[in-house]
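Given the structure is predicted, the values throughout are model-derived calculations rather than measurements.
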Amino acid sequence: MKEAIKQYKMEMVFVALLCTVLGIVLVVWPKTTIDVLCKILAVAIIIIGIVQITSYLVKRDGYPVSAILGVIVLLVGVWIFLQPHKLVSFVPIVIGVILTVHGLKDLQIALETKRNGYDRWWIMGIIAALSIIFGIVCIINAFGMVALTFRIIGIALIYDGLTDLWIALKAVFTLRAKEKEDAALECEYKEVE
């Protein structure tokens, strides 16, 4: 159980720090960051297309459809690389969905900490609700002004990262306190026998 808690905490802290850093970068350099992210995505797609084509040409025992699919993937990657602004309008939707899912996950953790005896679980619930609202705002504002939208996304990511850190720490401390309390009750029970 303790290993699972440590693993979960490490994963949540890593994602929270990543969100915070990406959020700061988006607030400071919204347009440049999105262009770079779109180009990185395009290069990854181009590589996938090249690998599929090369795999077909080297083996020659595969289906020609895989080579055709590789060419299509390669062309999509080149198109995204040359025109990243076409993809930019979908980024806020994706990030909005991610923020909404994070908020729902945080809400689940808040309810779990309530079951473990944390009196201020409702603070986590409010934080989770705000994450959900940020996610919905990002989705709704996806086709607005690009620089403003990505600054909003940056602020939302900073908020999500910092609050996820706080929620992770509170959830772990609450669970540890519950385990200590259960262990103490078990020891008292054994002494009475």
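- Applying the side chain to side chain donor-acceptor pair (under 3.5 Å) criterion to Asp160, with sequence neighbours excluded, gives His102.
- Closest approach of Val73 and Ile48 over heavy atoms only: CG1-CG2, 4.1 Å.
- Between Ile136 and Thr100, the shortest heavy-atom distance links the atoms N-OG1, 3.9 Å.
- Here the shortest heavy-atom pairing between Leu107 and Gly125 reads CD1-CA, 4.1 Å.
- Nearest heavy-atom pair, Thr20 versus Leu162, reported as atom, atom and distance to 0.1 Å: OG1-N, 3.6 Å.
- A distance of 8.5 Å separates CG in Asp106 from CD1 in Ile132, rounded to the nearest 0.5 Å.
- The 12-atom threshold is exceeded at CD of Gln83, counting heavy atoms of other residues, nucleotides or ligands nearer than 6.0 Å.
- Rounding to the nearest 0.5 Å gives a distance of 7.5 Å between CG of Leu82 and NZ of Lys39.
- Rounded to the nearest 0.5 Å, atoms CZ (Arg120) and CD1 (Ile126) are 12.0 Å apart.
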| request: Would you sort out whether Val36 and Trp29 count as a side chain to side chain contact (heavy atoms under 4.5 Å, CB included), showing the intermediate values? | output: CA-CA 11 Å; Val36 169; Trp29 303 288; over 6 Å; no

| query | Yes or no on side chain to side chain contact (heavy atoms under 4.5 Å, CB included) for Met124 and Thr113, after CA distance, side-chain angles and deciding distance? | reply | CA-CA 9 Å; Met124 290 183 190; Thr113 58; 3.6 Å; yes

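- Here the CG-CD1 distance, from Leu75 to Ile46, works out to 9.5 Å after rounding to the nearest 0.5 Å.
- The shortest heavy-atom contact between Gly103 and Ser131 is CA-CB, 3.7 Å.
- Separation of atoms CD1 (Ile45) and CD1 (Ile72) is listed at 13.5 Å; rounding is to 0.5 Å.
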| query | Which is it for Leu99 and Leu157 under the side chain to side chain contact (heavy atoms under 4.5 Å, CB included) test, yes or no, and what are the steps along the way? | reply | CA-CA 8 Å; Leu99 288 172; Leu157 285 172; 4.0 Å; yes

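- Hydrophobic clustering places Trp79 together with Leu41 (ILVMFWY residues linked when any side-chain heavy atoms are closer than 4.5 Å, directly or through intermediates).
- Partners of Phe81 under the ring-ring contact (aromatic ring centres under 6.0 Å, His included) rule, at least two apart in sequence or in another chain, do not exist in this structure.
- Screening residues 104-138 for ring pair (Phe, Tyr, Trp, His ring centres under 6.0 Å), with sequence neighbours left out, gives Phe134-Tyr159.
- Shown are Val71, Leu69, Ile68; of these, the side chain to side chain contact (heavy atoms under 4.5 Å, CB included) with Ile53 is made only by Val71.
- The shortest non-hydrogen separation linking Ala42 to Ile80 is CB-CG2, 3.7 Å.
- Side-chain heavy atoms closer than 4.5 Å link hydrophobic residues (I, L, V, M, F, W, Y) into clusters, and following such links, even through other members, never connects Ile40 to Val21.
- Between the side chain of Thr54 and the main chain of Val51, no donor-acceptor pair closer than 3.5 Å is present.
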